[in-house]
Amino acid sequence: MSQEYILLLIILALSIVGHNMSVTYAVCIVLLLKVLGLNTALETFGKQGLNWGIIILTAAILVPIANGTITYKDMTNCFTSRTGIIALLVGSWVAVAGHFGVDVLKSTPELVSSLIIGTMLGVFFFDGVAVGPLIAAGIVYWILNILKYLHI
């Protein structure tokens with residue numbers, strides 16, 4: 001059995017033990033493409049998957065607007081409340097950080113291993129979720145708690 005299968009099976013086992021179905025499904029998709037010899041699909045997925053994921057994630061985030069849960073008033077309130085302004089700033093910061101992250105990964109692809117391991121550690125041992133907007137929301141949560149603690 002080749003090294004890539006062993007590594008993927010280890011990740012699969014850890015995801016099952018850690019009860020992280022997102023990682024489990026992702027590994028199964030990659031393993032399926034690999035086992036079936038769909039190398040072109042695997043390469044395409046590797047090159048375009050992040051963009052596809054961002055599109056799907058963004059569409060999911062827009063659903064509350066589409067179904068009326070978030071209104072025009074809710075959208076304009078984000079510019080007037082402390083929570084909304086912090087969320088705007090953090091969202092912008094994370095988007096810029098992501099832009100620079102893509103550039104760094106293109107110039108130093110060896111960082112992918114560290115990112116994969118770091119993400120897995122966060123997911124498996126700290127009940128994390130590897131999703132950008134959720135990270136931004138988490139940072140907003142921390143900032144708001146710091147402000148609350150400081151009575152600001």
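Atoms considered below: every heavy atom in the structure, side chains included; atoms not considered: hydrogens, waters and symmetry mates.
The CD1 atom of Ile86 sits 4.5 Å away from the CG atom of Leu144 when rounded to the nearest 0.5 Å. Rounding to the nearest 0.5 Å gives a distance of 14.5 Å between NZ of Lys148 and CD1 of Ile143. Remark: Gln48 CD to Glu43 CD distance equals 11.5 Å, nearest 0.5 Å. Distance check, rounded to the nearest 0.5 Å: OG1 of Thr24 to CG of Leu14 gives 10.0 Å. In this structure, Asn77 CG and Thr80 OG1 are separated by 4.5 Å, a value rounded to the nearest 0.5 Å.
Atom CH2 of Trp93 has 12 or fewer heavy atoms from other residues, nucleotides or ligands within 6.0 Å. Enclosure of atom OH in Tyr25 is not indicated, since only 12 or fewer non-hydrogen atoms of other residues, nucleotides or ligands lie within 6.0 angstrom.
The shortest heavy-atom contact between Val27 and Leu8 is CG1-O, 3.4 Å. Between Trp52 and Thr44, the shortest heavy-atom distance links the atoms CH2-CG2, 3.9 Å. When all heavy atoms of Asp74 and Thr69 are compared, the closest pair comes out as OD2-O, 3.6 Å. Leu88 and Cys78 make their closest contact through CD1-O, 3.6 Å (heavy atoms, listed as atom of the first residue, atom of the second, distance).
In this structure the side chain of Ile152 never reaches within 4.5 angstrom of the side chain of Ile146, judged on heavy atoms.
Cluster annotation: Ile56 and Ile29 are assigned to distinct hydrophobic clusters (Ile/Leu/Val/Met/Phe/Trp/Tyr, side-chain heavy-atom contacts under 4.5 Å, transitive). Residues Ile16 and Met21 do not share a hydrophobic cluster, clusters being chains of Ile/Leu/Val/Met/Phe/Trp/Tyr side chains in contact below 4.5 Å. Linking ILVMFWY residues whenever their side-chain heavy atoms come closer than 4.5 Å, directly or via other members, leaves Val30 and Leu7 in distinct clusters. Val17 and Leu121 are assigned to two separate hydrophobic clusters, defined by single-linkage of ILVMFWY side chains at heavy-atom distances under 4.5 Å. When the side chains of ILVMFWY residues are joined at heavy-atom separations under 4.5 Å, either directly or via intervening members, Phe125 and Ile10 end up in a single hydrophobic cluster.
In this view, Thr83 satisfies the side-chain hydrogen bond (donor to acceptor under 3.5 Å, both in side chains) rule with no residue, not counting sequence neighbours. Taking Leu32 as the reference, Leu36 meet the side-chain contact (heavy atoms from CB on, under 4.5 Å) condition, with sequence neighbours excluded.
Using a 4.5 Å cut-off between side-chain heavy atoms of Ile, Leu, Val, Met, Phe, Trp and Tyr, Met75 falls into a hydrophobic cluster with Leu62, Ile65, Ile70.
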Start with the C-alpha gap between Tyr5 and Leu31, add the side-chain angles, then the distance that decides, and say whether side-chain contact (heavy atoms from CB on, under 4.5 Å) holds. CA-CA 8 Å; Tyr5 283 108; Leu31 272 172; 3.8 Å; yes
